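All remarks here apply to the structure that follows.
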Amino acid sequence: MKLDIAVLSGDGIGPEVTSQAIKALKAIAHTFEHTFVFKEGLVGAIAIDETGDPLPEKTLELCSNTDTVLFGSIGAPKYDNDPSAPVRPEQGLLKLRKELGLYANIRPLKAYDTLIEKSPLKREIIEGTDITIYRELTGGIYFGEKKISKDGTVASDLCEYSKPEIERISHLAFKAAQKRRNKVTLVDKANVLESSRLWRKVVTELAAASYPDVELNFLFVDNAAMQLILNPSQFDVILTNNMFGDIISDEASVIGGSIGLLASASVGNRHSMFEPIHGSYPQATGKGIANPIAAILSAAMLLEHFNLMKEAQTINTAVEKALELNLTTPDLNEKNPLTTEKVGDFIARYILNPKDSNVNSENVQLGQSTII
Ligand code: IPM
Ligand code: MN
């Protein structure tokens with residue numbers, strides 16, 4: 001298969017983790033005889049510095065004309081601490097999602113056996129957790145009308161949803177549940193918000209009409225936040241709006257031991273984009289300590305999106321091997337960490353040569369495996 005891939009590595013640790021994902025994709029292209037062409041574009045704070053625009057027209061054009069987008073991360077402290085900044089890096093990402101019509105953000109989350117001890121939560125709580133969050137991505141409070149009074153003392157953000165907006169992501173969530181454990185939990189705040197009551201009504205009707213085989217549950221978001229920590233294995237597919245999905249997916253990442261492990265896919269009818277859920281982690285930039293696994297797993301989700309299942313599985317297996325051998329960055333391995341680059345090297349080389357019998361923890365640490 002030939003794929004043209006726009007690469008928007010963005011700010012902070014974005015470039016260093018994205019290059020590890022590209023390395024993994026190149027190893028896949030080599031092994032399975034595909035052609036992946038990578039085309040770089042500017043986005044975020046770096047794009048503001050160079051062009052004044054967090055999403056230059058050229059970047060949008062690039063993303064519209066390639067098969068898919070690989071995204072790094074976005075954001076810089078100088079904007080976070082300046083609420084009156086006229087342009088912000090995040091606007092680039094939000095505009096990109098909107099312009100490409102990426103209405104569904106899919107965030108899978110698993111408690112890897114080899115990492116259970118790394119989570120701050122107890123083993124018996126997180127064992128067996130396997131959740132996929134379906135977060136609506138182009139509507140709600142993120143995109144509603146924003147107002148600030150003339151004197152700058154009163155502000156509001158409108159949370160608006162329409163029936164078709166709710167339906168299209170719900171279909172994806174229910175179809176995913178049918179391939180998993182047949183359970184969807186709608187997370188909302190229907191006891192308070194009109195928009196959440198509309199979600200309940202639309203999702204209930206859609207479930208009854210099209211997915212009678214799927215169990216549908218409801219949880220208020222405050223309770224869901226608690227249940228995720230108390231009993232995460234009760235969840236299969238979580239369906240929720242833009243804002244709630246943003247918050248609970250960061251919360252849920254604690255289960256897996258590190259936010260540096262969580263990948264995501266953003267999909268629409270025509271376009272798709274793959275990105276780690278973590279931010280730009282500016283304090284870590286250039287230090288070689290950022291975990292590249294979320295970016296690499298995002299590359300696996302990209303392959304899956306194009307139905308390259310064996311290829312995606314090959315990446316997942318290589319990642320699992322790295323975790324099993326504890327070949328990881330300091331977030332998961334304080335005592336004997338590898339750099340971002342070395343983790344990426346191991347994963348790429350394992351993809352190219354999975355049968356190397358010298359791959360064991362000791363040899364890799366000593367630099368004696370032929371793989372690393
Ligand atoms: C995410 C991020 C973004 C969001 C930011 C960077 C705008 O936190 O992808 O989860 O809030 O959607
Ligand atoms: Mn977020």
Side-chain angles (χ1 to χ4, degrees), residues 8-15 17-18 21 42-48 53-55 59 63 69-83 85 87-109 131-144 146 157 159 161 165 169 187 221 224-225 228 238-256 258-268 271-285 290-291 294-295 297-298 301-302:
L8 273 47
S9 51
D11 304 320
I13 59 167
V17 295
T18 308
L42 283 175
V43 74
I46 180 173
I48 301 178
D53 185 347
L55 182 66
T59 301
C63 296
V69 183
L70 193 62
F71 196 94
S73 57
I74 209 166
K78 67 176 172 189
Y79 299 96
D80 294 345
N81 303 328
D82 176 11
V87 278
R88 319 183 60 80
E90 290 79 4
Q91 288 164 345
L93 177 58
L94 298 180
K95 184 167 172 206
L96 190 60
R97 289 172 177 169
K98 192 77 173 176
E99 294 281 335
L100 297 180
L102 306 174
Y103 60 81
N105 182 229
I106 303 155
R107 299 185 160 182
L109 173 110
I131 306 173
T132 295
I133 299 174
Y134 274 71
R135 167 190 176 193
E136 201 289 328
L137 202 61
T138 52
I141 198 166
Y142 273 59
F143 291 95
K146 297 182 186 308
D157 300 89
C159 180
Y161 271 109
E165 276 180 311
I169 181 162
V187 169
V221 63
L228 266 172
I238 291 180
L239 168 63
T240 191
N241 76 15
N242 202 343
M243 181 73 154
F244 299 155
D246 180 46
I247 298 168
I248 63 165
S249 57
D250 269 33
E251 186 197 3
S253 77
V254 173
I255 296 166
S258 171
I259 195 166
L261 294 172
L262 286 207
S264 88
S266 301
V267 301
H271 297 286
S272 57
M273 179 160 97
F274 300 85
E275 58 175 309
I277 84 155
H278 61 68
S280 57
Y281 193 11
Q283 314 86 301
T285 308
N291 191 338
L297 290 175
S298 300
M301 290 188 85
L302 182 157

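Residue numbers start at 1 and run along the sequence shown. As the structure lists them, so they are numbered: ligands from 1, and atoms in each ligand from 1. Everything numeric in this text was worked out from a predicted model, so none of it was measured.
- At a threshold of 2.8 Å, the Mn ion (ligand 2) has no backbone or side-chain N, O or S atom of Asp250 nearer than that distance.
- Minimum interatomic distance between Pro89 and Ala76 (heavy atoms only, all atoms of both residues): CG-N, 4.2 Å.
- Within the model, atoms CG of Leu70 and OG1 of Thr18 stand 6.0 Å from one another, a figure rounded to the nearest 0.5 Å.
- Within Asp246, the N, O or S atom at minimum distance from the Mn ion (ligand 2) carries the name OD1.
- Every atom of ligand 1 is numbered from 1 in the order shown, and the set under 4.0 Å from a heavy atom of Glu90 is 6 (C), 7 (C).
- The protein heavy atom nearest to atom 11 (O) of ligand 1 is Tyr142 OH, 2.5 Å.
- When heavy-atom distances to ligand 1 are checked against a 4.0 Å cut-off, Arg135 comes that close only through its side chain, counted from C-beta outward.
- Looking at His278, Arg97, Glu275, Arg88, it is Arg97 that brings a heavy atom closest to atom 9 (O) of ligand 1.
- Listed here is the closest heavy atom pair of Arg135 and Arg97: NH2-NH1, 4.1 Å.
- Going from atom CD1 of Ile133 over to atom OG of Ser249 covers 5.0 Å, rounded to the nearest 0.5 Å.
- The residue from Asp157, Asp246, Asn242, Asn241 that alone fulfils the side-chain hydrogen bond (donor to acceptor under 3.5 Å, both in side chains) condition with Tyr142 is Asp246.
- The shell of residues lying under 4.0 angstrom from ligand 1, judged by heavy atoms, includes Arg107.
- The minimum heavy-atom distance linking Thr240 with Ile248 is given by the pair CG2-CD1, 4.4 Å.
- For atom 8 (O) of ligand 1, the closest heavy atom belonging to the protein is Asp246 OD1, 3.3 Å.
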